[in-house]
Amino acid sequence: MQADIMSMLIQQWQSVRQQCASLAAANGHAVTLIAVSKTFPAADIRTLYQAGQRDFGENYIQEWQQKCTELADLDDLAWHIIGQIQANKSRSVAERAHWVHTVDRAKIARRLSEQRPDTMPPLNVCIEINIAAEANKHGIAADELLPLAQYIATLPRLRLRGLMCVAKADSTGAELTQQFTQMQQLLATLQAAGLAVDTLSMGMSADMDTAIACGATQVRVGSAIFGRRQ
């Protein structure tokens with residue numbers, strides 16, 4: 001029974017990976033698939049790692065910390081933090097993560113930089129944009145972006161890579177295109193300001209195709225790979 005579950009997991013991952021590769025080729029740019037493993041066990045991550053997946057996304061810091069311990073032998077696994085970081089949890093993120101996609105405050109950026117070990121490369125970070133201006137979503141407004149980006153670019157132990165968003169859940173196809181196109185324009189604004197940014201983290205299981213068509217370089221896919229969360 002367990003073997004059947006693992007086989008299905010690999011098949012679902014292979015299907016998403018092939019879809020991602022086809023969309024990337026059709027749109028003429030590379031795309032990194034991040035397997036979002038929140039609420040699923042470390043054993044599932046190990047299975048996909050053994051199949052070739054390297055980038056994994058986690059939302060909940062405490063759950064992620066336990067998985068880090070269980071999977072410490074996987075040296076080249078890349079952890080992407082895609083959930084909010086409370087100030088009292090920033091040290092473990094600074095010491096163990098490879099990417100943080102959800103920076104939306106100068107305070108958190110400063111703590112991550114101060115707590116990043118000198119023996120590690122700078123922590124890759126994205127600024128989260130509340131692209132649909134939803135009251136219940138994290139992220140900053142588009143007009144707050146440039147000052148925060150310029151500040152993060154001065155922090156010695158961080159490397160500002162780009163932007164992240166979560167599209168409005170009930171968006172139409174046209175609304176998705178509008179939101180993702182605005183993200184592409186915001187990234188271009190940072191590049192025009194002289195910032196060396198190259199990453200658009202946007203698109204999930206339901207809207208990956210539109211996101212990639214609008215320039216996404218990283219997509220965060222959970223349910224299409226792991227199945228429905230309990």
Side-chain angles (χ1 to χ4, degrees), residues 20 23-24 26-34 55 57 78 80-85 93 97-113 116 121-204 206-221:
C20 184
L23 289 165
N27 289 281
H29 62 271
V31 178
T32 298
L33 172 62
I34 301 169
D55 294 89
H80 296 250
I81 300 303
I82 62 173
Q84 286 296 300
I85 302 171
V93 173
H98 302 85
W99 284 78
V100 174
H101 293 237
T102 52
V103 174
D104 60 2
R105 288 171 289 159
K107 176 183 176 180
I108 288 296
R110 183 175 64 253
R111 289 179 66 90
L112 290 171
S113 181
R116 183 72 166 177
L123 177 62
N124 297 298
V125 300
C126 292
I127 295 172
E128 182 174 7
I129 305 296
N130 185 349
I131 197 62
E134 296 178 87
N136 61 339
K137 288 275 183 70
H138 294 286
I140 63 170
D143 60 6
E144 300 173 329
L145 171 59
L146 188 57
L148 180 59
Q150 290 172 327
Y151 173 70
I152 292 173
T154 69
L155 297 174
R157 304 303 304 156
L158 301 186
R159 181 183 174 193
L160 179 62
R161 295 297 301 270
L163 305 175
M164 176 268 213
C165 78
V166 177
K168 189 177 179 183
D170 57 353
S171 295
T172 65
E175 288 170 337
L176 284 174
T177 297
Q178 187 276 326
Q179 291 167 55
F180 291 147
T181 298
Q182 185 181 357
M183 290 291 293
Q184 193 175 36
Q185 293 166 348
L186 290 172
L187 188 74
T189 297
L190 295 185
Q191 292 168 338
L195 297 171
V197 290
D198 59 5
T199 299
L200 277 177
S201 169
M202 59 188 194
M204 300 186 291
D207 54 22
M208 177 175 73
D209 53 347
T210 305
I212 293 175
C214 294
T217 61
Q218 296 185 351
V219 291
R220 311 177 307 272
V221 179

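Count residues from 1 along the sequence.
- Residues Asp198 and Arg161 have side chains in contact (heavy-atom distance under 4.5 Å, counting atoms from C-beta outward).
- Of all heavy-atom pairs between Glu128 and Asp104, the closest is O-CB, 4.3 Å.
- Using a 4.5 Å heavy-atom cutoff, the side chains of Asp207 and Phe180 are in contact.
- The side-chain heavy atoms of Met202 and Cys214, taken from C-beta on, include a pair separated by under 4.5 Å.
- The minimum heavy-atom distance linking Arg105 with Leu148 is given by the pair C-CD1, 4.1 Å.
- Just one of Leu155, Val100, Ile81 meets the side chain to side chain contact (heavy atoms under 4.5 Å, CB included) condition when paired with Leu123; it is Val100.
- A donor-acceptor pair under 3.5 Å is formed between the side chain of His29 and the backbone N or O of Ala216.
- In this structure the side chain of Leu190 reaches within 4.5 angstrom of the side chain of Leu163, judged on heavy atoms.
- Side chain of Asp55 to main chain of Ala78: no donor-acceptor pair is present (N/O by atom type, distance under 3.5 Å, no hydrogens or angles).
- Taking the side chain as every heavy atom from C-beta outward, Ser201 and Arg220 approach each other to under 4.5 Å.
- The aromatic rings of Trp99 and His80 sit parallel, their planes meeting at an angle under 30°, below the 60° perpendicular limit.
- A 4.5 Å side-chain heavy-atom check between Leu160 and Val125 finds at least one atom pair inside the cut-off.
- The shortest side-chain heavy-atom distance between Cys165 and Gln179 does not fall under the 4.5 Å cut-off.
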